[in-house]
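Let me begin by presenting the structure, written as structure tokens, before commenting on it.
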Amino acid sequence: MGKTLIFGHKNPDTDSICSALVYADLKTKLGANVEAVRLGSVSSETQFVLDYFKAAAPRQVETVAGEAEGVILVDHNERQQSANDIDQVRVLEVIDHHRIANFETSHPLYYRAEPVGCTTTIINKLYKENGVAVTKEIAGLMLSAIISDTLLLKSPTCTEQDVAAAHELAGIAGVDLETYGLSMLKAGADLSDKSISQLISLDSKEFSMGAYKVEIAQVNAVDVNDVLSRQAELEAALNGIIAEKGLDLFLFVVTDILNNDSIGVALGNKAAAVEQAYNVALADNKTVLKGVVSRKSQIVPVLTEIFNKM
């Protein structure tokens with residue numbers, strides 16, 4: 001088998017990009033012929049990280065079968081979140097920290113899934129298990145992914161393993177965890193120059209929940225009104241996506257990184273599922289989601305339970 005491609009999910013966030021880069025570094029040092037690629041644009045937050053640690057962004061692709069027989073998935077496993085032709089290649093490995101859904105293979109594979117806050121927390125263990133030293137640049141990329149996915153260790157998804165890894169990696173990277181972390185999150189939360197289509201695609205994922213199709217997008221903001229002041233334009237774009245993809249619900253979540261709350265904009269014929277899930281009432285198609293910051297642990301499981309009962 002020739003070169004193996006390593007990539008995270010569509011609309012990649014910092015964890016997806018950094019996990020692909022650092023796992024490619026580890027696999028290369030172990031003698032494998034691999035390349036990190038990405039399935040979407042680099043966000044402002046991720047670009048801040050790449051610039052800070054002088055790392056190049058992975059090459060962007062939409063399909064993978066034309067250049068590789070085998071692939072490694074990081075930070076995802078669900079097929080609708082992966083490469084468009086994922087069914088035409090062999091999945092050799094998965095390194096992930098999400099639920100497992102819509103995933104099967106015809107061959108045995110290495111699958112590493114742990115309920116931690118970030119994929120690079122797992123990959124950091126893999127460096128140690130394989131006796132490979134972590135460089136300053138690689139430590140910085142892994143640290144940045146942890147900061148991003150755990151909102152600077154404040155998300156309910158954050159575990160003691162993430163905290164320990166973050167402090168260890170900050171030391172190797174030579175940065176102050178709090179100072180660097182806040183600067184990084186603020187870089188990603190500057191939405192002033194983003195179009196509506198960019199806001200929607202920054203970090204959006206499709207999910208199958210029971211018999212229903214759901215898409216959940218999330219953006220971080222210092223001021224949620226940077227997004228909500230454009231709600232009419234946002235809703236028009238979301239309704240277009242709902243019609244195009246046949247979605248039952250599109251939930252757009254704006255997370256306040258300073259107060260650790262979110263505002264949810266819910267559209268689609270099953271928007272009421274959000275009301276049921278959180279015991280709230282939608283007003284003007286939006287509601288406050290008090291204390292909700294994690295799509296992985298506070299949104300997807302709760303909505304999945306509601307849809308499974310429908």
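This chain uses plain numbering: 1 for the first residue, then up along the sequence. Predicted, not measured: the structure shown is a model, and the values here were computed from it.
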| task | Check the pair Leu126, Leu26 against side-chain contact (heavy atoms from CB on, under 4.5 Å), reporting the backbone distance first and the verdict last. | result | CA-CA 8 Å; Leu126 290 170; Leu26 175 59; 3.7 Å; yes

| request: Check step by step if salt bridge (charged side-chain N to carboxylate O under 4.0 Å, His left out) holds for Glu69 and Lys3. | output: CA-CA 8 Å; Glu69 295 179 11; Lys3 180 174 65 177; over 6 Å; no

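Sorted by first and then second residue, the salt bridge (charged side-chain N to carboxylate O under 4.0 Å, His left out) pairs with a member in residues 71-87 read Glu78-Arg99; sequence neighbours excluded. Pairs passing the salt bridge (charged side-chain N to carboxylate O under 4.0 Å, His left out) check and including a residue from residues 41-50, sequence neighbours excluded, do not occur. Contacts classified as side-chain hydrogen bond (donor to acceptor under 3.5 Å, both in side chains) and involving residues 53-65 (residues at least two apart or in different chains) are given here: Glu35-Arg59, Arg38-Gln60, Arg59-Glu67. Under the salt bridge (charged side-chain N to carboxylate O under 4.0 Å, His left out) criterion, the residue pairs touching residues 116-144 are Arg112-Glu129, Glu114-Lys125, Lys128-Glu168, with sequence neighbours excluded.
Taking the side chain as every heavy atom from C-beta outward, Leu185 and Leu152 approach each other to under 4.5 Å. Within the 4.5 Å cutoff, side-chain heavy atoms of Leu177 are placed close to those of Leu143. Taking the side chain as every heavy atom from C-beta outward, Lys270 and Gln276 never approach each other to under 4.5 Å. Taking the side chain as every heavy atom from C-beta outward, Val254 and Asn220 never approach each other to under 4.5 Å. For the pair Phe307/Leu249, a side-chain contact is recorded, criterion being any heavy-atom separation below 4.5 Å from C-beta on.
With no hydrogens or angles considered, no side-chain donor-acceptor pair links Thr157 and Ser294 at under 3.5 Å. A donor-acceptor contact closer than 3.5 angstrom links the side chains of Ser43 and Thr46. If you check the side chains of Asp25 and Thr28, you find no donor sitting under 3.5 Å from an acceptor. Using modelled atom types and a 3.5 Å distance limit, the side chains of Ser155 and Lys296 yield no donor-acceptor pair. Ser82 and His76 share a donor-acceptor pair across their side chains, judged by distance under 3.5 Å alone. For the residue pair Asn239/Glu235, the side-chain donor-acceptor check at 3.5 Å is not satisfied.
Between Tyr180 and Phe53, the ring planes lie perpendicular to each other; the angle is over 60°, past the 30° to 60° tilted range. Phe103 and Tyr111 have perpendicular rings, their planes meeting at more than 60° on a 0 to 90° scale where under 30° would count as parallel.
Residue Val94 is not grouped with residue Val300 when hydrophobic side chains (ILVMFWY) are merged at heavy-atom distances under 4.5 angstrom, including chains of intermediate members. Under the 4.5 Å side-chain contact rule for hydrophobic residues, Phe250 and Val280 do not share a cluster.
Using modelled atom types, one side-chain atom of Gln231 and one backbone atom of Asp284 make a donor-acceptor pair closer than 3.5 Å. Between the Arg295 side chain and the Ile216 main chain, a donor and an acceptor come within less than 3.5 Å of each other.
Partners of Tyr127 under the ring pair (Phe, Tyr, Trp, His ring centres under 6.0 Å) rule, at least two apart in sequence or in another chain, do not exist in this structure. Take Tyr278 and apply the ring pair (Phe, Tyr, Trp, His ring centres under 6.0 Å) test, not counting sequence neighbours, and it matches no residue.
Between Asp190 and Lys186, none of the side-chain N atoms (NZ, or NE/NH1/NH2) sits under 4.0 Å from a carboxylate O, so this pair counts as no salt bridge. Here Glu206 pairs with Lys245 in a salt bridge; the nearest charged N to carboxylate O distance falls below 4.0 Å. Look at Asp261 and Lys290 and you find a salt bridge, because one of the NZ, NE, NH1 or NH2 atoms lies within 4.0 Å of a carboxylate O, short of that distance.
The side chain to side chain contact (heavy atoms under 4.5 Å, CB included) with Ser19 is formed by just one residue from the set Leu141, Asp149, Ile123; it is Ile123.
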